[in-house]
Every structure is written in structure tokens, then in C-alpha cells.
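We use all heavy atoms of the structure for the numbers below, so side chains are in, but hydrogens, waters and symmetry mates are not.
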Amino acid sequence: MSNQNDAFKKLIAHAKEYGFVFPSSEIYDGLGAVYDYGPYGVLLKNNIKEYWWRSMVQMHENIVGLDAAIFMHPKTWKASGHVDAFNDPLIDNKDSKKRYRADQLVEGYIEKIEAKVEKEVAKGRKRFGESFDENQFRATHPRVVKYAQQIEDLRKRLGSLLSEGDLAGLKALIEELDIADPETGSRNWTEVRQFNLMFSTQLGAVAGEAGKLYLRPETAQGIFVNFLNAQKTTRQKIPFGIAQIGKAFRNEIVARQFIFRMREFEQMEMQFFVRPGTEMKWYEYWKETRMNWHKKLGTPAEKLRFHDHDNLAHYANAAVDIEYRFPFGFRELEGIHSRTDFDLHSHEELSGKKLRYFDPETKESYIPYVVETSIGCDRMFLAVLSGALQEEKIQDSEGKESSREVLKLPAALAPIKCAILPLKRNEERLTQTAREIFDHLKQSFHCQYDDTGSIGKLYRRQDAIGTPYCITVDFETLENRTVTLRDRDSLQQERIPIDQLESVISEKTALKNLL
Ligand code: ATP
């Protein structure tokens with residue numbers, strides 16, 4: 001556990017030190033769960049968005065894009081169910097005055113039992129060595145079996161309390177499990193009550209309740225209300241999708257874990273409109289397609305898994321998460337939901353406008369069913385960053401060992417594609433040639449020119465921000481117009497002619513390689 005904590009702390013420190021993520025308004029001591037993306041962060045984030053957009057919109061002729069406003073007519077959120085049901089169960093500790101999500105307190109209790117299981121398994125592995133059969137151990141070891149049963153029972157009970165909205169039951173469960181405030185140990189709890197996660201603000205021209213606006217808690221509703229606009233103007237036929245990237249806002253009760261849970265964040269969502277009755281086929285299709293999108297980045301299979309929802313949201317008839325193994329454990333990275341016709345139906349009812357599609361094949365008008373893929377851009381950023389950061393021992397050309405912090409980002413996502421480094425800063429012929437190369441390459445990629453240190457130091461700096469290629473201009477360059485191209489991961493250096501640089505780097509770093 002503490003190793004995991006250390007790794008996570010290192011990641012947060014690295015993100016700040018190297019200009020990826022800063023706490024918001026830091027000079028005023030920050031703002032809870034709000035973050036700013038720094039000079040390299042914004043480039044990495046844009047590349048993640050570009051990868052998503054191209055694989056969803058550019059690669060599918062039946063998916064079109066949209067950029068809806070953050071503010072929407074307040075009735076939108078009535079229809080979507082967010083005004084009435086977008087709540088988390090809130091509980092306060094009377095002594096510490098700290099607020100918690102009641103369900104997360106129970107989750108925390110379950111995680112402690114899970115940790116006990118892992119401890120037993122680790123002990124077993126140590127004791128049995130080579131002959132250890134983990135599956136058999138988990139299925140037969142009496143204590144592990146008892147813990148597993150306890151976990152399953154608790155999950156079931158929590159799931160049904162949540163889906164029934166049984167707040168008194170939730171409080172009773174917290175008392176039964178004797179759960180204390182994780183920070184102070186106090187058990188002096190208030191009742192559990194519902195807390196709506198939407199931020200509200202006021203429209204200037206209209207006073208009172210009538211002018212109350214919400215900051216959207218998901219981008220999806222902008223897609224639903226534009227469903228016919230997008231379909232008609234692009235002459236799409238069902239099945240087709242609408243994709244959108246944009247900010248969403250949730251007044252999360254407990255926001256921890258850096259950019260994993262933020263109050264202002266960005267979503268990349270796609271709603272796929274299908275003929276009713278075919279939704280499960282498309283649900284399976286998008287499950288697989290989205291998982292492959294993650295794997296194409298080179299993410300090891302054991303760091304990704306599906307997790308079916310125990311209790312379904314009010315709008316869904318099937319839902320699964322793609323979970324990623326963050327430094328603090330497996331957590332939701334993306335959701336795939338079969339949303340039925342719930343949203344379009346409610347909008348039709350509340351607006352009085354028809355939201356039906358005329359199917360030329362069946363000659364029928366109907367409200368389509370929707371399969372949604374929804375991924376948090378910031379969570380994806382965290383997944384990419386945490387998968388990439390490594391500390392390595394390396395040897396220089398004379399065999400001297402040193403360590404480096406390196407971000408092994410997929411080349412197509414790296415903020416800076418190449419750095420152009422003169423071997424000696426005081427040698428004008430070298431710096432001038434390096435500048436010329438930079439001025440040429442910057443037209444094609446984000447690159448950097450750097451002559452502010454020894455070559456070893458410059459390499460380290462580029463490793464730390466994940467630059468996949470370093471170009472070194474040395475004395476041989478002046479003789480034959482070749483440079484060395486250093487690969488971040490293999491540390492191999494090859495000599496190539498200057499006039500091939502652009503095509504070689506573009507080939508190696510193209511987003512196309514991922515599509
Ligand atoms: P969680 O259970 O973690 O609160 P959720 O199930 O409410 O997430 P969805 O409503 O399905 O999340 O939103 C889709 C995606 O948006 C999530 O998979 C996640 O990547 C992202 N997301 C949701 N809430 C946040 C948040 N507070 N900060 C950052 N990303 C978020």
C-alpha cells in the first residue's frame with residue numbers, strides 16, 4: 001500500500017515539476033479538486049483528445065461531431081433526471097465536521113477486507129514458492145474464502161441500498177460495521193441525506209428560480225437535444241453516432257486522488273443511435289472497440305479490465321466500466337452504457353417536440369435507442385501518465401551507470417516530438433545548424449531547441465517530459481549533414497541525413513500508427 005502511495009506521490013510531483021499539471025490558483029493555496037494543465041500537460045491532453053476524435057469521428061463515416069454549449073435550458077436537466085436523481089449520499093461527522101460519501105465509507109471498509117485477502121495471498125505465494133496455485137488458494141483457503149464471502153455480501157447490500165435510495169439503511173450499515181471517520185476515528189455521524197452534484201448559477205436577465213441555470217454535469221444531453229439537427233444536416237441513417245468533447249462540472253463531495261476526481265473536468269462522449277432491439281449487439285461492439293482503443297496505446301492487458309455495474313442508473317439497461325489499474329488500484333476510466341430511449345423520450349415529453357427518426361427501411365418512425373461511450377479526458381491523462389512514468393538505471397557510452405526518470409509515452413501522444421540539441425553550446429557552427437533544423441521541423445511538429453546544458457543533462461530533461469526523439473548536432477554534421485537520432489526508450493542512436501529527419505520523425509510519431 002505504501003509503495004503505491006509513494007508511486008502516486010512521485011507521479012503528482014513529477015506532473016507539477018515538469019509542467020504537466022498545477023493545482024488551480026496555487027498562489028491562493030489552490031481550490032479543491034480543480035487543476036490547471038501546464039505547458040506540456042496541455043499538449044499531451046490535446047493529443048489524447050485528438051486520438052479519441054480521430055478514432056471515433058474520422059475513422060467512422062457514421063459518426064459526426066458536435067460542440068454544444070455548457071449552459072442549456074434548465075428543463076434539460078429536469079428531463080434527464082439530474083435535478084431529481086443526480087445525488088450522492090452525504091454524511092457528516094459531527095465531531096470532525098468532515099463530509100463523506102456514505103457509500104464510499106462502506107467501499108473503504110470493503111477495500112480493507114480486500115487488502116487482507118491480498119496479504120494472505122502474498123503470504124501463500126511466499127510459503128509455497130514455485131508450486132503456488134493462486135486460483136486454488138483463493139478458492140480453498142478458509143480465511144480467504146470467508147473474506148471473499150463477506151465482500152460479496154457487503155457489495156450486494158450496498159448495491160441494493162443505493163438502488164432503493166434507502167438512506168436510513170445506509171446509516172444503519174455504517175453503524176453495524178462500526179465505521180469511524182477515517183481521519184479522526186470519531187463515530188459520531190449525522191443522518192445520511194441526498195446531495196445534488198450539479199453546480200448552479202443565475203442567468204443575468206431573469207430573477208429567482210426561473211433564471212436558475214446549471215453547469216452541465218455531462219456532455220451527453222447536448223447531443224440528445226441536437227440529435228435531429230445533426231442527423232438531418234448530415235443525412236445520417238441509423239445506426240449513427242454523435243461525438244463530443246467538452247467540459248462537465250460536478251460538485252463532488254469528496255474529491256481526492258489528484259485529477260482522478262475533479263469538480264471541473266472534461267469528457268469525451270459518443271452517443272450511438274440504433275434501432276430498438278439491436279442495442280445489445282451495439283453495446284457488445286462498443287465494449288470491444290473501446291477496449292481495443294486502450295490496448296492500441298500499448299497498455300498491458302493486465303492493467304485493464306471490464307467491470308459490470310452492480311446497480312444500473314435510472315436510464316440504463318446494461319452498463320459496464322473499463323477499469324484501469326491506477327497507482328491506487330483498479331478504478332473506472334470509461335463507461336459504456338446502453339441508455340435505452342430514456343433521454344430522447346423524456347426530452348420529447350417535456351419539450352413537446354418530436355424526437356423521432358423515420359427509418360426508410362422499415363417505413364416506421366421511432367425513438368432510437370442509445371449506446372453511449374463516455375470517457376473522462378483527465379482520467380485518461382492520469383492513466384497515460386501513470387503508465388508512462390518510470391525510473392530506470394542506464395549506462396552511458398563509457399559504461400557509467402546513472403538513473404533517469406523517463407516518461408515512456410506513446411510517441412503519438414508525446415507533447416514534444418523531438419528536441420534539437422547542439423553538442424556544444426559555444427560552437428556557433430553547431431548552434432546555427434541546430435537552429436536551422438529546428439526552424440524547419442517546427443513547421444511539422446512541436447519541437448524544442450535546447451543548448452542550455454551538457455548533452456547528458458539535455459537528454460534527461462527530454463526523457464522527463466517524454467520526448468521520443470533527440471537530434472544531436474555534432475562536428476560530423478558539419479562535414480556530411482548527418483545528425484544522430486536518439487530513441488528515448490532503446491537509447492539507440494542512429495545517424496541520419498538532415499533532409500530525412502522530417503519524414504522519419506513524422507513516420508514514427510504519427511497518430512495514424514494508432515488508428
Ligand atoms: P464515478 O463512479 O467515478 O463517480 P461516474 O460513473 O459517475 O464516475 P460517468 O457519469 O459514467 O462517471 O462519467 C463518465 C466518465 O467521466 C467516467 O468514466 C470518468 O472517466 C469521467 N468522470 C466522471 N466524474 C469525473 C470527475 N469528477 N472527475 C474526472 N472525471 C470524471
A.B. asks: Heavy-atom distance under 4.5 Å between the side chains of Phe71 and Leu215, does that happen here?
C.D. replies: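 They are in side-chain contact.
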A.B. asks: Working to the nearest 0.5 Å, report the span between CH2 of Trp77 and OH of Tyr214.
C.D. replies: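 Answer for the CH2-OH pair, Trp77 versus Tyr214, is 11.0 Å.
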A.B. asks: Taking the side chain as every heavy atom from C-beta outward, state whether Met280 and Tyr283 have any atom pair closer than 4.5 Å.
C.D. replies: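 Yes, at least one pair of side-chain atoms sits under 4.5 Å.
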A.B. asks: Nearest heavy-atom pair of Gly246 and Thr219: which atoms, and what distance?
C.D. replies: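 Shortest heavy-atom separation between Gly246 and Thr219 comes out as O-CG2, 3.5 Å.
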A.B. asks: Can you run down the salt bridge (charged side-chain N to carboxylate O under 4.0 Å, His left out) pairs that involve residues 281-291, sequence neighbours left out, and say none if there aren't any?
C.D. replies: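 Checked against salt bridge (charged side-chain N to carboxylate O under 4.0 Å, His left out) - neighbours excluded - the pairs reaching residues 281-291 are Arg290-Glu334.
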A.B. asks: Taking the side chain as everything from C-beta on, heavy atoms only, tell me whether Leu409 gets closer than 4.5 Å to Pro415.
C.D. replies: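 A side-chain contact under 4.5 Å exists here.
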A.B. asks: Show me the donor-acceptor pairs within less than 3.5 Å that the side chains of residues 508-515 make with the rest of the protein, sequence neighbours left out.
C.D. replies:
| from | atom 1 | to | atom 2 | distance (Å) |
| --- | --- | --- | --- | --- |
| Thr509 | OG1 | Ile505 | O | 2.8 |
| Asn513 | ND2 | Glu507 | O | 3.0 |
| Asn513 | ND2 | Ala510 | O | 3.3 |

A.B. asks: Under the salt bridge (Lys or Arg N to Asp or Glu O under 4.0 Å) rule, collect the residues that match up with Lys119, sequence neighbours excluded.
C.D. replies: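 Partners of Lys119 under the salt bridge (Lys or Arg N to Asp or Glu O under 4.0 Å) test: none.
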A.B. asks: Please report the closest heavy-atom contact between Pro217 and Gln267, naming both atoms and the distance.
C.D. replies: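 Pro217 and Gln267 have their closest heavy atoms at O-OE1, 4.3 Å.
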A.B. asks: Test side-chain contact (heavy atoms from CB on, under 4.5 Å) on Leu297 and Met380; report intermediate values, then the result.
C.D. replies: CA-CA 11 Å; Leu297 285 175; Met380 187 61 200; 3.3 Å; yes
A.B. asks: Would you please indicate yes or no on a ring centroid separation below 6.0 angstrom for Phe258 and Phe260?
C.D. replies: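 Between Phe260 and Phe258, the centre distance exceeds or equals 6.0 Å.
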A.B. asks: Side chains of Ser402 and Arg460, heavy atoms from C-beta outward: is any pair under 4.5 Å?
C.D. replies: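 Yes, at least one pair of side-chain atoms sits under 4.5 Å.
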A.B. asks: Is the number of heavy atoms from other residues, nucleotides or ligands within 6.0 Å of NE2 (His309) greater than 12?
C.D. replies: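 Yes, enclosed.
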A.B. asks: Classify the ring geometry between Phe326 and Phe328 as parallel (under 30°), tilted (30 to 60°) or perpendicular (over 60°).
C.D. replies: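 Rings of Phe326 and Phe328: parallel, under 30°.
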A.B. asks: Is a donor from one side chain sitting under 3.5 angstrom from an acceptor on the other, for Glu502 and Ser444?
C.D. replies: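 Yes - a donor-acceptor pair under 3.5 Å links their side chains.
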A.B. asks: Which atom pair, heavy atoms only, marks the closest approach of His294 to Leu304?
C.D. replies: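 Here His294 and Leu304 meet closest at CB-CD1, 3.7 Å.
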A.B. asks: Would you call Glu134 and Arg138 a salt bridge, taking side-chain N to carboxylate O under 4.0 Å as the test?
C.D. replies: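 A salt bridge is present here (some side-chain N lies under 4.0 Å from a carboxylate O).
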A.B. asks: With sequence neighbours excluded, what pairs up with Asp321 under the salt bridge (Lys or Arg N to Asp or Glu O under 4.0 Å) test?
C.D. replies: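 None.
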A.B. asks: Restricting to non-hydrogen atoms, name the atom on Tyr18 and the atom on Tyr40 that form the minimum distance, rounded to 0.1 Å.
C.D. replies: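 Shortest heavy-atom separation between Tyr18 and Tyr40 comes out as O-CD1, 2.9 Å.
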A.B. asks: State yes or no: are the ring centers of Phe137 and Phe132 separated by less than 6.0 Å?
C.D. replies: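 Yes.
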A.B. asks: In the structure I gave you, are the side-chain heavy atoms of Asp103 and Leu158 within less than 4.5 Å of one another anywhere?
C.D. replies: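 When only atoms from C-beta onward are counted, Leu158 and Asp103 do touch, with a gap below 4.5 Å.
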A.B. asks: Test side-chain contact (heavy atoms from CB on, under 4.5 Å) on Asp343 and Val370 and set out the steps.
C.D. replies: CA-CA 9 Å; Asp343 301 87; Val370 172; 5.9 Å; no
A.B. asks: Indicate yes or no: at least one non-hydrogen side-chain atom of Ile110 is less than 4.5 angstrom from one of Arg155.
C.D. replies: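 With C-beta onward as the side chain, the pair touches.
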A.B. asks: Indicate yes or no: at least one non-hydrogen side-chain atom of Ile394 is less than 4.5 angstrom from one of Val406.
C.D. replies: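 A side-chain contact is absent here, since even the closest heavy-atom pair is not under 4.5 Å.
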A.B. asks: Looking at Asp67, I'd like to know if its CG atom is crowded, meaning that more than 12 non-hydrogen atoms belonging to other residues, nucleotides or ligands lie closer than 6.0 Å.
C.D. replies: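 It does not: Asp67 CG has 12 such atoms or fewer within range.
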A.B. asks: Suppose we screen for salt bridge (Lys or Arg N to Asp or Glu O under 4.0 Å). Which residues come up paired with Arg435, at least two apart in sequence or across chains?
C.D. replies: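 Arg435 satisfies salt bridge (Lys or Arg N to Asp or Glu O under 4.0 Å) with no residue once adjacent residues are dropped.
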A.B. asks: Using side-chain heavy atoms (C-beta onward) and a distance below 4.5 Å, is Cys377 in contact with Trp52?
C.D. replies: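 Heavy-atom side-chain distance check fails, nothing below 4.5 Å.
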A.B. asks: Return the OG to CG distance between Ser346 and Asp341, rounded to the nearest 0.5 Å.
C.D. replies: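 These two atoms lie 8.5 Å from each other.
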A.B. asks: Apply the test side-chain contact (heavy atoms from CB on, under 4.5 Å) to residues Met56 and Thr373: give CA-CA distance (whole Å), side-chain angles for both, the deciding distance (0.1 Å), then the verdict.
C.D. replies: CA-CA 10 Å; Met56 299 303 267; Thr373 73; 3.5 Å; yes
A.B. asks: Which heavy atom of Ser386 sits nearest a heavy atom of Leu11, and at what distance?
C.D. replies: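 Nearest pair, atom of Ser386 first, then Leu11: CB-CD2, 3.6 Å.
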A.B. asks: From Leu382 CG over to Tyr35 OH, what is the distance, rounded to the nearest 0.5 angstrom?
C.D. replies: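 So the CG of Leu382 and the OH of Tyr35 are separated by 10.0 Å.
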A.B. asks: Could you walk me through whether Arg54 and Glu50 pass salt bridge (charged side-chain N to carboxylate O under 4.0 Å, His left out), step by step?
C.D. replies: CA-CA 6 Å; Arg54 291 221 202 161; Glu50 188 67 17; 2.9 Å; yes
A.B. asks: Which of these passes side chain to side chain donor-acceptor pair (under 3.5 Å) with Thr467: Arg486, Gln462, Lys417?
C.D. replies: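 Result: among Arg486, Gln462, Lys417, Gln462 is the only option passing the side chain to side chain donor-acceptor pair (under 3.5 Å) with Thr467.
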A.B. asks: Can you tell me how far apart OH (Tyr469) and CG (Leu441) are? Round to the nearest 0.5 Å.
C.D. replies: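 So the gap between those two atoms works out to 14.0 Å.
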A.B. asks: Is it the case that Trp293 and Ser55 place a side-chain donor and acceptor less than 3.5 Å from each other?
C.D. replies: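 Result is yes, a qualifying pair exists.
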A.B. asks: Using 4.0 Å as the upper bound for N to carboxylate O, is an ion pair formed by Glu269 and Arg339?
C.D. replies: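 No, Arg339 and Glu269 are not salt-bridged.
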A.B. asks: Should we count CD of Glu302 as having more than 12 external heavy atoms under 6.0 Å?
C.D. replies: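 Yes, the 6.0 Å shell around CD holds more than 12 heavy atoms from other groups.
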A.B. asks: Between Glu392 and Arg488, does any side-chain N to carboxylate O distance fall below 4.0 Å?
C.D. replies: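 A salt bridge is absent here (no side-chain N lies under 4.0 Å from a carboxylate O).
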A.B. asks: Looking at Glu61, I'd like to know if its CD atom is crowded, meaning that more than 12 non-hydrogen atoms belonging to other residues, nucleotides or ligands lie closer than 6.0 Å.
C.D. replies: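 Check fails, neighbour count at 12 or below.
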A.B. asks: With under 30° as parallel and over 60° as perpendicular, where do the rings of Phe224 and Phe273 fit, or are they tilted in between?
C.D. replies: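 Rings of Phe224 and Phe273: perpendicular, over 60°.
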A.B. asks: Under 3.5 Å, is there a donor on one side chain and an acceptor on the other for Thr477 and Asp474?
C.D. replies: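 Yes - a donor-acceptor pair under 3.5 Å links their side chains.
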A.B. asks: Do Gln236 and Gln231 get their side chains close enough for a donor-acceptor pair, meaning under 3.5 Å?
C.D. replies: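 Absent: no donor and acceptor within the cut-off.
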A.B. asks: What's the separation between atom CD1 in Ile223 and atom CG in Asn229, rounded to the nearest 0.5 Å?
C.D. replies: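 Nearest 0.5 Å value for the CD1-CG distance: 13.0 Å.
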A.B. asks: Where is the tightest heavy-atom contact between Tyr449 and Ala434, given as atom of each residue plus distance?
C.D. replies: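 Nearest pair, atom of Tyr449 first, then Ala434: CE1-CB, 3.6 Å.
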A.B. asks: Just how far is it from atom CG of Asp450 to atom SG of Cys470, taken to the nearest 0.5 Å?
C.D. replies: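 Those atoms lie 9.5 Å apart.
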A.B. asks: Take atom NZ of Lys10 as the centre, draw a 6.0 Å sphere, and report whether it contains more than 12 heavy atoms from other residues, nucleotides or ligands.
C.D. replies: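 Incorrect, the count does not exceed 12.
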A.B. asks: Using the salt bridge (charged side-chain N to carboxylate O under 4.0 Å, His left out) rule, collect all pairs that involve residues 375-387, keeping only residues at least two apart or in two chains.
C.D. replies: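 Output for this query lists Lys45-Asp378.
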A.B. asks: Do Arg461 and Thr452 have a side chain donor and acceptor closer than 3.5 Å?
C.D. replies: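 Distance-only check passes for Arg461 and Thr452.
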A.B. asks: For the residue pair Asp359 and Tyr357, confirm or rule out a side-chain donor-acceptor distance under 3.5 Å.
C.D. replies: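 No, no side-chain donor-acceptor pair sits under 3.5 Å.
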A.B. asks: Is it the case that Gln221 and Thr76 place a side-chain donor and acceptor less than 3.5 Å from each other?
C.D. replies: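 Absent: no donor and acceptor within the cut-off.
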A.B. asks: Taking His446 for the side chain and Ala414 for the main chain, is one N or O donor matched with an acceptor at less than 3.5 Å?
C.D. replies: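 Checked: no pair found.
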A.B. asks: Does atom CZ (Arg305) have a neighbourhood of more than 12 heavy atoms from anything else shown, all under 6.0 Å?
C.D. replies: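 Buried by this count: over 12 neighbours within 6.0 Å.
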A.B. asks: Pair Asn226, Ile242 - check side-chain contact (heavy atoms from CB on, under 4.5 Å), show working.
C.D. replies: CA-CA 9 Å; Asn226 276 299; Ile242 304 177; 5.7 Å; no
A.B. asks: Decide if atom NZ of Lys16 counts as having more than 12 heavy atoms of other residues, nucleotides or ligands within a radius under 6.0 Å.
C.D. replies: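 It does not: Lys16 NZ has 12 such atoms or fewer within range.
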